[in-house]
Amino acid sequence: MQRLYDRFRQRALFPRSHQSSAAVAGGGPALRQCLGSWDLLFLAVGSAVGAGIFVVTGVAARDLAGPAVTISYLLAGFTALLSGLSYLEFAVDLPVAGGAFTYVSLVFGELPGWIVACNILLEYTLSTSAVARGLSGYLAALFGSRDDILLLPLGPLKLDFLAAGLVALLTILLCYGTAESAFANNVITSTNIIVIVYVICAGAPYGSVDNLVPFAPQGARGIFAAASVVFFSFVGFDGAVTAVEEAKDPRDLPWSIMAAVVICTVLYVSMALAICLMQPTALIDTSSPFAAAFLACIPAGAGTSGFDWIFLTTSARFIAFGAVTGIITTALATILGQARVFAVLGREHLLPAWLAQVHPKRLTPVNATLVTGICSGLPALLVDLESLAELVSIGTLFVFFTLSAAVLWRRHCEASGPSMNLIFSMLGLCVYSIGASLSYTLGAHIAVPLLFLAAWLLATVSMCFLPTICKGVQFSVPWCPFIPSLAMLANVHLIVSLGWPAYVRFGVWLVISLLVYILYSMNNAEAMEDNKPSRIGKSSSLQEVEMGDTQRATDSEVEELSMRMEEQQLLREGLQDSSAEP
C-alpha cells in the first residue's frame with residue numbers, strides 16, 4: 001500500500017514540461033497530415049450540427065425558456081466560444097492528438113488529465129450511441145412509418161441493428177483513411193446545412209409574432225436552465241481539436257473552430273426562432289418538434305391535393321432527411337475524435353499500448369478506431385441513451401472549465417511552483433463562481449449573487465498583477481485573464497443549472513475513473529517507463545528549459561531535447577511524403 005501511495009504521489013499531480021508532453025503525446029507512429037482548413041471547419045460543424053438540434057429545441061422551448069430559447073442558444077454558444085479560445089491556445093502550440101487530455105496533463109499533471117480524458121471518452125461514446133440510436137426513428141418518419149418499426153423487441157430490450165450498422169460502417173471508413181472520411185463529412189455536412197436553411201426559410205411564411213408572447217414564461221432562470229440543455233447541441237466541436245495532429249497546418253485551427261461555433265450558433269438561433277414563430281411554445285411537440293410544427297400549419301379542411309398540404313408534408317419528411325444526415329456527420333466526427341484520445345492514452349501506456357498502433361499504409365489509428373466502434377456500437381444496439389444527455393453535458397462543461405483554468409495556471413505559474421497569490425486567486429475564481437451560480441439558481445436575494453460576482457471580478461482583476469510566465473507563441477487567448485475567467489464562470493453556471501441526477505452520474509463516473517487509474521493505468525505506465533533509460537516528464541531541468549531557465553539546465557540536456565524533437569518532426573515529414581507517393 002505504501003508503494004502504491006508513493007507511486008501515486010510521484011505521478012498523479014506532477015506537471016509536465018511542454019517538450020515532454022509533445023514528445024510523449026506525439027511519440028507514437030505519425031498520423032497522416034491531410035486535413036486542410038476547410039476539412040477542420042466542416043469537421044467541427046458536422047460534429048455539432050446533428051440530429052439533436054431537431055429534438056432538444058422542442059424540450060427547451062416548451063418546458064423551460066419559451067421563445068427565449070433563442071437567448072439560451074446565444075448563451076450556450078457564447079460559453080462554447082470562450083472555451084474554444086482556451087482549447088486553441090494549447091492546440092496550436094502543441095499540435096498532437098489527444099486534445100484536452102494532453103493539455104491538462106501539461107499543466108496539472110497526469111491524474112487531472114486522465115479524469116478529463118475519461119469524461120471526453122464518455123462524452124463521445126454516449127453522443128455517438130444516442131445519436132446513432134435515432135437513425136431508425138428518423139428513417140421510419142422519412143417513409144411515413146411509425147418510429148419503432150425498425151427495432152427488434154427482445155425481452156425488455158429493443159435491439160437497433162440499424163444504429164449498430166451505422167457505427168460499424170463509419171468505423172470501417174475511418175480505418176480506411178482520414179482524408180476519405182473528411183471528404184464524406186464535408187459532403188454530408190453541406191447537405192445538412194442546406195436542410196437547416198430550408199427549414200428556416202420554409203417556416204417563415206407560416207410564422208406569427210403573436211406566438212412570441214410571453215417571451216420568457218419562466219424568467220431568467222428558465223433561460224439559463226434551457227441553456228444547460230441546449231449546450232448538448234454544441235458538444236463535439238472540440239473533435240476537430242483532437243485531430244489537430246493530422247492537420248496540414250495547425251495554424252488553420254483557430255479560425256476553423258471560431259467560425260464553426262459562430263455558424264452553429266447562428267443556425268441554432270434561427271431554427272429556434274422559426275419554430276417559436278410557427279407554434280405557441282405550449283403546443284410544441286418534444287419528440288419531433290419541427291416536423292410536427294409543419295404539419296400543424298396545414299389549414300383545417302385542406303385537401304390532400306392542395307399546395308399547403310403537399311408543401312408542408314413534404315417539408316416534414318425533408319426535416320427527417322436532414323436529421324439522418326446530421327446523425328451521420330455527428331457519429332463520424334465523434335468516432336474520429338474518440339479514436340484519437342484512445343490512441344494517445346495508448347501512447348502514454350495509461351491504456352494498452354496496442355491502441356496506439358497506426359496502419360503502416362493508411363496511417364490511421366486502426367486499433368483505437370476499432371475499439372471506439374465497439375464501445376459505441378454495442379450501447380447503440382442495446383440501450384436507449386437519451387436519458388443520459390445531461391451526463392454528456394456535465395462532462396463536457398467540466399472539461400471546458402478545467403481547460404480555462406489551465407490557461408490561467410500556465411500563464412502565471414512559475415518554474416519553482418505556483419505562488420500563494422496565484423493559488424488564492426484561482427481558489428477565489430472557483431469559489432466565487434460556484435457561489436454566484438448556486439445563490440442565483442436557488443433563488444437567493446439578488447444581492448447575494450451580485451456580491452459573489454463582485455468578488456469574482458476582484459479575483460480576476462488581481463490576476464492582472466501576477467507576472468506572465470508562459471503564454472502561447474502562435475496563438476494566445478486575448479484579454480487574459482478576463483476571457484478564461486469568464487469561461488470558468490459560464491461553465492460553472494451551466495453545470496449548476498443541471499439537475500441533481502447529472503451530479504450523481506458524474507460522481508459515479510469520477511469514482512470509476514479514479515479506480516481504473518489507481519489500479520491499472522498508473523501502474524502500467526510506471527512499469528513501461530521503468531524499462532526506459534529515463535523519464536522525460538520527471539526531468540526538472542527540462543521544465544526549466546521550457547520556462548526559460550536555461551542557466552540551470554545543462555547544454556547537453558538542451559541539445560538532447562532539441563535533437564529528439566527534430567527526429568520526431570523528420571519522421572513525420574518522411575511518413576507524410578511516403579504516403580503521398582503512388
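Remember, it's a predicted structure, so these values are computed and weren't measured experimentally. Residues take their numbers from the sequence shown, with the count starting at 1.
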### Query
Would a 4.5 Å heavy-atom cut-off, applied to side chains only, mark L494 and T79 as touching?
yes
### Task
Verify side chain to side chain contact (heavy atoms under 4.5 Å, CB included) between M271 and Y73, making sure each step is shown before the conclusion.
CA-CA 10 Å; M271 286 189 71; Y73 270 115; over 6 Å; no
### Query
When you look at CZ of F215, are more than 12 heavy atoms from neighbouring residues, nucleotides or ligands closer to it than 6.0 Å?
yes
### Query
How are the rings of F108 and W409 set to each other: parallel, tilted or perpendicular (split at 30° and 60°)?
tilted
#### Entry: Option among T189, N192, N185 that satisfies the side chain to side chain contact (heavy atoms under 4.5 Å, CB included) test with V45
T189
#### Entry: Residue that, paired with Q338, satisfies side chain to side chain contact (heavy atoms under 4.5 Å, CB included) out of V371, L122, L121
L121
### Query
Angle class for the Y517/W114 ring planes (parallel below 30°, perpendicular above 60°, tilted otherwise)?
tilted
### Query
Parallel, tilted or perpendicular: which describes the rings of F452 and Y432, with under 30° parallel and over 60° perpendicular?
tilted
### Query
Does any non-hydrogen side-chain atom of F475 lie less than 4.5 Å from one of L253?
no
### Message
Would you say CH2 of W38 has more than 12 non-hydrogen atoms from neighbouring residues, nucleotides or ligands within 6.0 angstrom?
### Response
no
### Query
Would a line drawn from the ring center of F224 to the ring center of Y440 be shorter than 6.0 Å?
yes
### Message
Counting C-beta onward and ignoring hydrogens, is there a side-chain heavy-atom pair between R340 and P365 closer than 4.5 Å?
### Response
yes
